[in-house]
2 protein chains.
Amino acid sequence: MFKALADPTRRLLLDTLRERGGRTLGELEEVVVEHTPMTRFGVSKHLRLLEEANLVVTLRSGREKLHHLNPVPIQQVHDRWIDKYTERRLTALTTLKSQLEEKP
Amino acid sequence: MFKALADPTRRLLLDTLRERGGRTLGELEEVVVEHTPMTRFGVSKHLRLLEEANLVVTLRSGREKLHHLNPVPIQQVHDRWIDKYTERRLTALTTLKSQLEEKP
DNA sequence: TTGACATGTGACCAAATGGTCACCTAACCT
DNA sequence: AGGTTAGGTGACCATTTGGTCACATGTCAA
């Protein structure tokens, strides 16, 4: 799941699907090719990884395969390392760092 | 930044630093070695990646280097793909998928 | 049924990544 | 000064990953 997020092409696919879901492989290939040179097969492989990571949900309709973004795993990543008090602690740390290091 | 999250050892380091910050390389090495066989050098490399990804902030104190978790980039990942209406849309999609595919 | 269209699979190659080691610098403590 | 401790660097190797291609499957439409 984390590895699925680690590739720029896959993040582009997620961005595209966030904008509008229900796209076919062909449509997604067009979008990717605008940004980087890649064949249909490459896009297909990336989509399979995103599916396995449960970041993309698919729905077959005849010979077409419609892809949709699944935001739940990303929410889980967020919840793993963020709590509502963390941001305040970070601010305190930054201040401390400045105080301790700005004297050469 | 995304690649930094793609490795289990680095996620373990983030988890450890979330629990308590201000740890030295030596402390972190101990924690990692409990879970997986790795030398100090391996841990050091992973920490460097986390620093470059801005997921870990360091603070030198004498010959020690204290590591802290920086949650801001993770917050940004969350904000990139999640909006407050997305969750509801996902529920609708799941229902649709069931309706359309559960007839063989 | 015949052909065109949308997608999937397995083999294969080049490049990036994870990990270790030998060696090095710098700080603390008698 | 000398020894010990904390950490860093560059070379190197094994494995994984990104990408393509030849080929195969299944679906629509005439």
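In what follows, every chain begins at residue 1, and chains take the letters A, B, ... in the order their sequences are listed.
Note on residues 39-52 of chain B: pairs passing salt bridge (Lys or Arg N to Asp or Glu O under 4.0 Å), not counting sequence neighbours, are B:Arg48-B:Glu52, B:Glu51-B:Lys65.
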Start with the C-alpha distance between B:Val33 and B:Val43, add both sets of side-chain angles, then the distance that settles side chain to side chain contact (heavy atoms under 4.5 Å, CB included), and finish with yes or no.
-> CA-CA 9 Å; B:Val33 167; B:Val43 179; 5.7 Å; no

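Looking at residues 38-49 of chain B, you'll see B:Arg40, B:Phe41, B:Ser44, B:Lys45 sit with a heavy atom under 4.0 Å from some atom of DNA chain D. Near DNA chain D, defined here as any heavy-atom distance below 4.0 Å, the residues from residues 24-33 of chain B are B:Thr24, B:Leu25, B:Gly26, listed numerically.
With a heavy-atom cut-off of 4.0 Å to chain B, the contacted part of DNA chain C has its first and last nucleotide at C:dT17 to C:dC28.
Applying the salt bridge (Lys or Arg N to Asp or Glu O under 4.0 Å) rule to B:Glu30 yields no partners; only residues at least two apart in sequence or on another chain are considered. Every side chain to side chain donor-acceptor pair (under 3.5 Å) that B:His46 has, sequence neighbours left out, goes to B:Arg10. Scanning for salt bridge (Lys or Arg N to Asp or Glu O under 4.0 Å) contacts around B:Glu27 gives B:Arg20, with sequence neighbours left out. Considering only residues two or more places apart in sequence or on other chains, B:Glu19 meets the salt bridge (Lys or Arg N to Asp or Glu O under 4.0 Å) condition with B:Arg23.
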Can you pull every protein N or O that's under 3.5 Å from an N or O on nucleotides 27-30 of chain D?
residue	atom	partner	partner atom	Å
D:dT27	O2	A:Arg63	NH1	3.2

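For D:dT17, one of the phosphate oxygens OP1 or OP2 lies less than 4.0 angstrom from a side-chain nitrogen or oxygen of A:Lys3.
The C1' atoms of five pairs define one axis at each end of the helix from C:dT1-D:dA30 to C:dT30-D:dA1, and these two axes lie 30° apart (to 10°).
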